[in-house]
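What follows is a short report on a single structure.
In this chain, numbering begins with 1 at the start of the sequence shown.
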Amino acid sequence: MKTLYISDLDGTLLNSQGKISDYSIKTINNLINEGMIFTYATARSLVSASPVTRGLIKNLPLIIYNGTFIVNGETGKLLHKNIFNSKQVAHIKAIMEKNQLKPMVYALVNEKERVTIINESLHEGVKYYLSKRKTDYRINLTLDYLSLYEGEVFYFTIIGDYDNLRPAYESLKDDLDYNITFQQEIYRKEYWLEIMPKSASKASAILKLKELLNCDKIVSFGDAINDLPMFAISDQSYAMANAVTSLKQQATAVIKSNDEDGVAHWLKEHVINTK
């Protein structure tokens, strides 16, 4: 029986400093070399995930943008994508304008990723986001509202205060065309409202990967509410000690925290040599 082991990054495989410890890298790499089928599923892009996972063997496809893309772990080549159609983009645009929100719009423009941000009255959370991505080639700061929704749009992120984002969330949460995540940023006070095509989720991407790799079983690790769909399709699911209560309630068990190398310790204790 082949098992696919899949982990979230922030708050799970990454510690509270946003890094994978040397112990976790060594432990997981040793198990991969012994035949463990392991990869990660994250809300991050490949651009932001690559630096924080440096040193980790990535010999399998990676799931990024909460399942919107599946990419080759070694080359970064796009293997699968989910994008919005023009009607869906227009609907979201109308809701953003009605609620006076300026989304960060992720799109493929001439086959390249671009994150377009209207560069005025930026929320502190957006400023923090940008401060961590000073060399990110995807960032397109502009005052040109007409360019905001160009290209093949695949993801929207709106960073702000809970009260300002809640009306837009309420307008979209029950719409069958969209997959919505609304949660507080880890370790910070601002909230993130993230909007994806309905077909895009960690769960759907993991099931595609399970089929591609001809695996029989899924074991997953996570910490946040966007990991709930992933847990729902897993044969076993493990919540970190630092995870939100709702995820712990759905987990097979709760394991050590991200600062205690919980994922690596569990894998070392339970994964046998599969070669």
Side-chain angles (χ1 to χ4, degrees), residues 1-14 20 24 28 31-32 35-46 48-50 52-53 56-83 106 154-155 178-181 183 194-240 243-244 246-255 258 262-264 266-267 270-271 274:
M1 180 173 286
K2 293 173 63 176
T3 301
L4 171 61
Y5 297 94
I6 192 147
S7 178
D8 173 51
L9 288 184
D10 292 274
T12 304
L13 197 57
L14 305 184
I20 305 179
S24 284
I28 293 172
L31 290 168
I32 290 173
M36 178 177 68
I37 303 171
F38 178 89
T39 190
Y40 64 73
T42 180
R44 287 175 178 257
S45 67
L46 189 60
S48 62
S50 294
V52 298
T53 57
L56 186 69
I57 294 174
K58 307 180 188 73
N59 60 342
L60 295 178
L62 309 173
I63 295 170
I64 58 174
Y65 288 122
N66 272 329
T68 302
F69 289 167
I70 301 175
V71 299
N72 183 296
E74 296 176 327
T75 67
K77 182 180 178 181
L78 190 63
L79 303 176
H80 179 77
K81 66 181 179 180
N82 291 282
I83 62 173
Y106 296 69
F154 61 86
Y155 207 97
Y178 308 103
N179 188 359
I180 311 295
T181 300
Q183 62 185 347
E194 296 171 277
I195 309 167
M196 297 153 280
K198 189 63 179 180
S199 56
S201 71
K202 287 184 180 180
S204 61
I206 290 168
L207 289 174
K208 288 182 182 295
L209 202 52
K210 178 187 177 184
E211 181 180 1
L212 178 67
L213 299 174
N214 196 29
C215 289
D216 307 289
K217 183 179 176 182
I218 298 167
V219 175
S220 61
F221 305 88
D223 74 299
I225 59 172
N226 67 325
D227 295 318
L228 281 168
M230 174 173 73
F231 275 28
I233 54 92
S234 296
D235 297 278
Q236 295 177 34
S237 55
Y238 295 92
M240 315 307 292
V244 296
S246 58
L247 194 72
K248 290 179 179 178
Q249 292 171 341
Q250 298 300 316
T252 303
V254 177
I255 62 175
N258 61 328
V263 173
W266 189 95
L267 292 170
H270 294 88
V271 177
T274 57

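Across all their heavy atoms, Asp216 and Met1 have their closest contact at OD2-CA, 3.4 Å. In terms of heavy atoms, Met36 sits closest to Val271 at SD-CG2, 3.9 Å. The shortest heavy-atom contact between Ser24 and Ala264 is OG-CB, 3.5 Å. Of all heavy-atom pairs between Asp223 and Asp10, the closest is OD1-O, 2.8 Å. Listed here is the closest heavy atom pair of Ile255 and Gly262: CD1-O, 3.6 Å. Contact between Leu46 and Leu62 at its shortest, heavy atoms only, is CD1-CD1, 3.9 Å.
For the atom pair NE2 of His80 and OG1 of Thr68, the computed distance is 9.5 Å after rounding to the nearest 0.5 Å.
Ring geometry for Tyr155 versus Tyr106: interplanar angle over 60°, hence perpendicular rather than tilted (30 to 60°). Relative orientation of the Trp266 and Tyr238 rings is tilted, given thresholds of 30° and 60° on the angle between their planes.
In this structure, the side chains of Leu247 and Phe231 come closer than 4.5 Å at one or more pairs of heavy atoms. Considering only heavy atoms from C-beta on, Met196 comes within 4.5 Å of Thr181 through its side chain. Between Val52 and Arg44, some side-chain heavy-atom pair lies under the 4.5 Å cut-off. Between Phe38 and Ile28 the shortest side-chain heavy-atom distance falls below 4.5 Å. With contacts defined as side-chain heavy-atom distances shorter than 4.5 Å, the pair Ser246/Ile225 qualifies. Using a 4.5 Å cut-off on side-chain heavy atoms (C-beta onward), Ile63 and Thr39 make no contact. Residues Asn179 and Asn66 are not in side-chain contact: their nearest non-hydrogen atoms beyond the backbone lie 4.5 Å or more apart.
The closest side-chain donor-acceptor pair between Asn82 and Tyr65, if any, does not fall under 3.5 angstrom.
Around NZ of Lys208, the count of heavy atoms belonging to other residues, nucleotides or ligands within 6.0 Å does not exceed 12.
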